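Reading through the structure tokens given below for one structure.
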Amino acid sequence: ILRIEDTDIQRNIEGADAKLREDLRWLGITWDEGPGVGGPCAPYNQSERLDLYRAAERKLLESGRAYYAFDTAEELDAMRKEASAKKISFRYTRPARFPSDADAERARAEGRSVVVRFAVPDEPITVHDDILGDVTFGAGEVEDLVIVKSNGWPTYHFAVVVDDEQMRVTHVLRAQEHLMNTPKHVFMQRALGYRTPVYAHLPLVFNMDGTKMSKRDKHKVVRAAVKEKFKSKAWTKEEAALVALCELAVLERWLDKADTELDMAQVGRLAEAAGAVVPEIEVHDFRLSGYLPEALLNFVALIGWSPGGDREMLTLDEMIQAFSLDRINKTAGRFDREKLLAMNTDYCASVGPKRLLAAFKDWAAASGSPLASLDAATMARALEACKGMRTLRDVETKAGILFAPNEAVQYDPAAVKKVLEKNGGAGYAMLEKLLPEIGTVEPWTAAGVDALIKRFCDALGAGLGDVAQPLRVAVAGRPVSPAIGDTLELLGREKTLQRLKICIESRGAG
RNA sequence: GCCCCCAUCGUCUAGAGGCCUAGGACACCGGCUUUUCAUGUCGGCGACAGGGGUUCGAAUCCCCUUGGGGGUGCCA
């Protein structure tokens with residue numbers, strides 16, 4: 001079941017659930033009931049199920065298991081701050097007598113804020129968790145939580161309890177950060193006469209530094225880089241605001257950890273200018289970076305779970321087969337990007353050309369790569385020539401220049417020096433000797449090019465590297481490209497000859 | 001502060017009292033392959049947090065200490 005929990009109307013972002021569904025679709029994760037497919041418990045957006053929550057709220061209010069409260073958020077905030085200053089723990093004090101419906105009506109009429117709180121029974125509770133075992137909370141540990149906000153919308157805690165019952169949810173598997181919420185939910189289930197589903201709290205996913213991995217890390221990394229620029233006096237705040245295309249005051253709030261002040265486009269601009277790399281956090285980030293969904297899925301599944309033994313590479317179907325609650329760990333796991341990369345490398349090499357081509361097309365389109373416009377046959381050749389790639393993006397990095405116009409070639413000074421100018425310009429001399437020969441290759445294929453270079457080397461008594469490297473730098477501008485035969489085949493005869501001439505003519509130009 | 005959870009190589013993990021001289025993968029180090037990069041391949045380094053019990057026997061069970069994490073919202 002896919003259920004969209006969108007009860008925070010202030011923070012709902014337009015199109016967020018469409019993106020979420022697209023991420024799931026990309027990963028190959030489907031749902032039997034939910035948005036798009038319908039089901040017996042429709043609608044599946046909580047924002048469309050308000051009547052259900054209203055009815056449950058009524059029931060709780062009438063049975064004296066919930067009550068109205070009139071404190072404002074600001075008042076509560078002040079009380080919490082005061083308690084924290086005194087180093088005592090704050091817990092909401094339940095009124096001796098619960099306000100009536102009429103009291104609530106009056107308060108509303110006076111413009112005061114009205115919420116509904118659940119009256120948590122003053123007794124200890126033991127909840128069972130299928131991973132952690134029994135967890136006991138003492139009497140009075142659980143506070144009377146707000147279940148209906150002053151805007152009339154239910155809180156998450158209340159909505160899930162109602163929906164889980166109504167949707168016949170049997171298992172609640174969620175992150176361990178929800179463990180403390182479970183007694184609240186179970187108390188509410190009891191008060192409403194609901195069943196309690198099986199709970200299983202999954203270990204958290206950490207960054208390598210042991211902090212919880214979250215979307216905010218993107219802001220964190222860029223913020224640190226920007227502050228570093230201020231520190232070294234490389235930037236002023238005004239300049240940074242200019243880069244981000246925002247007002248100075250907005251930037252300052254963002255610097256003060258208000259993530260929502262800047263959007264990712266603005267953060268991206270700051271990152272680029274500051275030379276910071278925004279880490280991939282969300283599914284879509286990994287898609288844009290050139291990861292295969294099967295690799296991401298496999299990697300993530302292995303954080304906090306294992307099929308047992310030495311098995312590691314699994315398809316989604318195999319994971320489903322092997323899955324069992326009792327193989328889930330209690331310990332948080334770190335998100336090791338090196339291992340993900342290694343796994344992605346494995347998948348790129350093993351999925352087969354057809355699947356790899358499809359994945360590459362998806363990546364090129366999603367990321368806006370210039371290679372997206374190549375025909376399928378050329379893409380397949382490029383993929384083959386880039387065997388050993390770690391990510392799909394590596395193909396662009398390594399071979400992209402071969403599909404760009406000649407003017408795009410930029411000669412890397414270090415490479416020119418090392419490969420072309422060294423030994424009195426031996427590289428250039430080699431290119432001049434090669435120029436009249438290379439054009440004669442027929443047909444223009446990697447094998448043909450390789451054969452010619454081999455003959456050329458033999459005739460000169462030169463090593464393959466003495467010829468291939470100058471050639472590579474001449475056509476790609478850098479010492480990195482696919483194998484020389486593949487490089488020239490992908491470039492094409494005409495452009496190869498053009499770039500060779502351009503390179504030779506550029507000699508000494510600086 | 002209070003409540004709760006956790007603890008095997010640097011990282012993800014295997015391990016259900018004797019199969020453990022603790023296995024695999026990533027990373028790291030070294031060799032080989034290679035016309036560049038990346039692959040590939042062979043080998044090496046490397047852990048049961050500490051202390052008490054229980055037991056003939058403990059990485060596995062119990063307790064304490066220490067360390068890490070989560071929660072403490074009209075967020076989810």
Side-chain angles (χ1 to χ4, degrees), chain A residues 5-8 10-11 69 71-73 76-77 80 83-84 86-91 113-117 129 131-133 135-138 140-143 145-157 159-160 174-183 201 203-204 206 208 210-212 299 302-313 326-327 329-343 345-346 348-349 386-390 394 397-398 415 419 450 453-454 457 463-473 476 478-485 487:
Chain A
E5 306 192 331
D6 52 357
T7 56
D8 186 353
Q10 267 91 35
R11 282 204 269 177
D71 321 82
T72 65
L76 289 166
D77 201 41
R80 289 195 186 98
S84 140
K86 286 190 202 154
K87 296 205 169 178
I88 53 175
S89 56
F90 174 79
R91 200 151 296 145
S113 125
V114 178
V115 302
V116 177
R117 282 182 186 265
D129 181 286
I131 295 168
L132 268 12
V135 182
T136 301
F137 301 83
E141 284 300 338
V142 185
E143 184 180 50
L145 64 147
V146 172
I147 58 173
V148 179
K149 311 176 195 180
S150 57
N151 64 8
W153 285 60
T155 57
Y156 158 80
H157 304 290
V160 294
R174 36 143 82 140
Q176 252 174 43
E177 61 197 355
H178 278 295
L179 184 59
M180 306 304 277
N181 292 329
T182 310
H201 288 90
L204 261 22
F206 285 170
M208 287 309 278
T211 55
K212 191 173 79 171
F299 172 73
L302 258 23
I303 302 178
W305 175 81
S306 136
D310 293 341
R311 275 230 284 175
E312 221 173 47
M313 299 287 276
D326 56 27
R327 295 210 60 90
N329 296 119
K330 300 174 176 182
T331 342
R334 298 182 194 221
F335 195 96
D336 186 347
R337 289 158 195 276
E338 293 286 353
K339 178 130 181 170
L340 205 213
L341 240 198
M343 206 165 247
T345 307
D346 258 340
C348 284
C386 292
K387 248 191 288 187
M389 70 191 84
R390 317 263 291 147
D394 285 353
T397 312
K398 191 169 182 177
V419 178
D450 282 339
I453 292 178
K454 181 84 173 29
C457 285
L464 287 169
D466 298 332
V467 179
Q469 279 309 82
L471 202 42
R472 192 186 311 280
V473 172
R478 305 164 306 173
V480 175
S481 84
I484 199 65
T487 294

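This is a predicted model, so every value here is computed, not measured. So you know, we letter chains A, B, ... as the sequences are listed, proteins then strands, and number each from 1.
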How is [X] classified with respect to the nucleic acid when contacts are heavy atoms under 4.0 Å: base, sugar-phosphate, or nothing?
X	answer
R174(A)	nothing
R472(A)	base
T397(A)	nothing
P482(A)	base
F335(A)	nothing
A342(A)	sugar-phosphate
D77(A)	nothing
T487(A)	nothing
K87(A)	sugar-phosphate
G463(A)	nothing
H201(A)	nothing
E312(A)	base
K398(A)	base
M313(A)	nothing

Is there a donor-acceptor contact under 3.5 Å from the side chain of [X] to the main chain of [Y]?
X	Y	result
K149(A)	T7(A)	yes
R91(A)	G140(A)	yes
R327(A)	S306(A)	yes

Point to revise | R174(A) and T182(A): side chain donor to acceptor below 3.5 Å | key: yes
**Study point:** S481(A) versus T487(A), side-chain donor and acceptor atoms under 3.5 Å
**Key:** yes
In whole angstrom, give me the gap between the [atom1] atoms of [N] and [M].
N	M	atom1	value
rA47(B)	rC37(B)	C1'	35 Å
rC48(B)	rU60(B)	P	12 Å
rC42(B)	rC6(B)	P	40 Å
rC62(B)	rG18(B)	P	16 Å
rA22(B)	rG17(B)	C1'	15 Å
rC5(B)	rC63(B)	P	12 Å
rG46(B)	rU34(B)	C1'	30 Å
rU33(B)	rG43(B)	C1'	15 Å

Exercise for review: Both distances under 3.5 Å, Watson-Crick or G-U wobble: report the partner of rG57(B), or none.
Suggested key: none
**Study point:** Base paired to rU39(B) (Watson-Crick or G-U; both N/O distances under 3.5 angstrom)
**Key:** none
From the options [options], select the nucleotide whose nearest atom is closest to the side chain of [X].
X	options	result
E141(A)	rC3(B), rC4(B), rC74(B)	rC3(B)
R334(A)	rA27(B), rU35(B), rC12(B)	rC12(B)
T7(A)	rC12(B), rA76(B), rG24(B)	rA76(B)
D310(A)	rA76(B), rG23(B), rA27(B)	rG23(B)

Review point. Is there a side-chain polar atom (N or O) of R80(A) under 4.0 Å from OP1 or OP2 of rC74(B)?
Key: yes
Point to revise | Steps toward side chain to side chain contact (heavy atoms under 4.5 Å, CB included) verdict (N181(A), H157(A)) | key: CA-CA 8 Å; N181(A) 292 329; H157(A) 304 290; 3.3 Å; yes
Check your understanding: Salt-bridged, R11(A) to D8(A), with N to O below 4.0 Å?
Key -> yes
Exercise for review: Can you tell me the distance, in whole Å, between the CD1 atom of I303(A) and the C1' atom of rA25(B)?
Suggested key: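 Going from CD1 in I303(A) over to C1' in rA25(B) covers 14 Å.
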Point to revise | Whole angstrom value for the distance that separates P of rG69(B) from CG of L204(A) | key: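 After rounding, the reported distance stands at 11 Å.
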